[in-house]
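Working notes, beginning with the structure itself.
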Amino acid sequence: MTRIIKAGLSGAASNKSNSAEELRQQGNAAFRAKDYASALRHYSSSLEVEEDHRTFSNRAACLLEQHEFKAAISDAARAVELCPSFEKAWYRKIKAYCAVRDFPRALMTATRGLKHCPAAPTLRRIASALKLAG
């Protein structure tokens, strides 16, 4: 009986992941088509099923396109909490801080990102540019 319960639970977890992944992929397709409102809905639905760093980061990208910069910062922050080595999330968080002209936080974020992603050339270039500008 224990095996049946465990099999049922792992099947449910697998279905949950597949559903979240399908929704994320639908969001990716909408994003590529520049249908940001639809992408945002798909990413949000995916996150209701399962929290994933890629989905938070993708939703942050959507929010950046919609000029919802504070919400983008929040989603990118959650993405780096879930996966500190995910370079795209650091980049999107920096981009959002720059959009609201908070360059000290952008630099601080780039510096933190480099601690987790030391081989990230994009983060290195951004950090250098922010240091020169600041």
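Small disclaimer: the values here were computed from a predicted structure and weren't measured.
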Can you tell me how far CG of L64 sits from OH of Y36, rounded to the nearest 0.5 angstrom? 10.5 Å

Between Y43 (side chain only) and T55 (backbone N and O only), is there a donor and an acceptor less than 3.5 Å apart? no

If only atom types and distance count, is the side chain of R124 paired as donor or acceptor with the main-chain N or O of P118 below 3.5 Å? yes

Show me the pairs that pass ring pair (Phe, Tyr, Trp, His ring centres under 6.0 Å) and involve residues 102-134, at least two apart or across chains. W90-H116

Return a table of donor-acceptor pairs under 3.5 angstrom between the side chains of residues 106-114 and protein atoms on other chains or two or more places apart.
residue, atom, partner, partner atom, Å
T109, OG1, R105, O, 2.8
T111, OG1, L107, O, 2.9

Once you round to the nearest 0.5 Å, how far does SG of C98 lie from CG of L130? 5.0 Å

Is it true that E22 and Q26 share a donor-acceptor pair across their side chains at a distance under 3.5 Å? no

Return a table of donor-acceptor pairs under 3.5 angstrom between the side chains of residues 67-84 and protein atoms on other chains or two or more places apart.
residue, atom, partner, partner atom, Å
D75, OD1, R59, NH2, 3.0
D75, OD2, R59, NE, 2.4
D75, OD2, R59, NH2, 3.3
R78, NE, E51, OE1, 3.3
R78, NH1, E81, OE1, 2.9
R78, NH2, E51, OE1, 2.5

Does F31, at its CZ atom, have more than 12 non-hydrogen atoms belonging to other residues, nucleotides or ligands within less than 6.0 Å? yes

Less than 3.5 Å apart, any donor N or O on the side chain of S46 or R24 sitting next to an acceptor on the other? no

Report the distance from atom NE2 of H42 to atom SG of C62, rounding to the nearest 0.5 Å. 10.0 Å

Considering all heavy atoms of both residues, which atom of R92 and which atom of S57 are nearest to each other, and what is their separation? NH1-OG, 2.8 Å

Walk me through it: do H53 and K88 pass the test side-chain contact (heavy atoms from CB on, under 4.5 Å)? CA-CA 10 Å; H53 67 281; K88 281 184 184 180; over 6 Å; no

Nearest heavy atoms of L123 and C117, plus distance in Å: CD1-CB, 4.1 Å

